[in-house]
Amino acid sequence: QVQLVESGGGLVQAGGSLRLSCAASGGSFSMYSLGWFRQAPGMQIEFVATIGRSGFSTRYVDSVKGRFTISRDNAKNTVYLQMNSLKPEDTAVYSCAASPLDATMIRPAGYAYWGQGTQVTVSS
């Protein structure tokens with residue numbers, strides 16, 4: 001079983017940047033596809049980005065394309081989400097998730113393991 005712990009959230013002004021990290025333990029990290037999701041208050045959980053096992057396949061929700069970059073370091077058992085040009089509408093709790101399937105999935109149901117999330121707040 002994989003345990004996931006996010007870090008790197010915080011308060012930032014619009015236009016600023018943050019890098020989220022998600023450290024994994026308890027499993028073979030390189031055998032998992034990974035995703036980032038976010039949930040704003042009163043809203044449904046939203047797919048943000050996903051990366052395949054090798055790191056070559058990625059997908060993004062349209063609203064973050066060109067601003068966010070997902071990456072992984074299999075040697076460090078960590079997945080990252082670099083967020084640039086942040087907007088107030090990016091404010092949410094961001095969670096990472098892991099799936100044993102070798103696929104870049106956008107639906108939360110495809111992921112078996114979840115972290116507890118880290119708050120990102122973007123002020124205008």
(request) Begin from the C-alpha positions of V120 and L20 and carry the test side-chain contact (heavy atoms from CB on, under 4.5 Å) through to its verdict. (result) CA-CA 9 Å; V120 171; L20 304 183; 4.0 Å; yes
(message) Is there a side-chain contact between I106 and E46 in this structure, where contact means two heavy atoms from C-beta onward sitting under 4.5 Å apart?
(response) no
(request) Please check if the side chain of Y80 supplies one atom and the backbone of D73 the other of a donor-acceptor pair under 3.5 Å. (result) no
(message) Counting the benzene-type ring for Trp, do F37 and Y111 have ring centres under 6.0 Å apart?
(response) yes
(message) Here's one to test your reading of the geometry: is the NZ or CZ of R72 within 45 degrees of the ring axis of F29 and under 6.0 Å from its centre?
(response) yes
(message) Please check: side-chain N/O of E6 versus main-chain N/O of C96, any donor-acceptor pairing under 3.5 Å?
(response) yes
(message) Just to verify, what does K65 make a salt bridge (charged side-chain N to carboxylate O under 4.0 Å, His left out) with, not counting sequence neighbours?
(response) D62
(message) Under a 3.5 Å distance rule, please check whether R53 uses its side chain to pair with a backbone N or O of M31 as donor and acceptor.
(response) yes
(request) Evaluate the side-chain proximity of M83 to V64: yes if any heavy-atom separation is below 4.5 Å, no if none is. (result) no
(request) Look at the side chain of T121 and the backbone N and O of T91, then say whether any donor-acceptor pair between them is shorter than 3.5 Å. (result) no
(message) Using 30° and 60° as the class boundaries, would you call the ring planes of F68 and Y94 parallel, tilted or perpendicular?
(response) tilted
(request) Could you tell me whether a side-chain N or O of Y60 sits under 3.5 Å from a main-chain N or O of I70, the two making a donor and an acceptor? (result) yes
(message) Under a 3.5 Å distance rule, please check whether S63 uses its side chain to pair with a backbone N or O of V61 as donor and acceptor.
(response) no
(message) For the backbone of I51 and the side chain of T104, can you confirm whether one donor and one acceptor N or O come within less than 3.5 Å of each other?
(response) no
(message) For G110, is there any backbone N or O sitting under 3.5 Å from a side-chain donor or acceptor partner on S99?
(response) yes
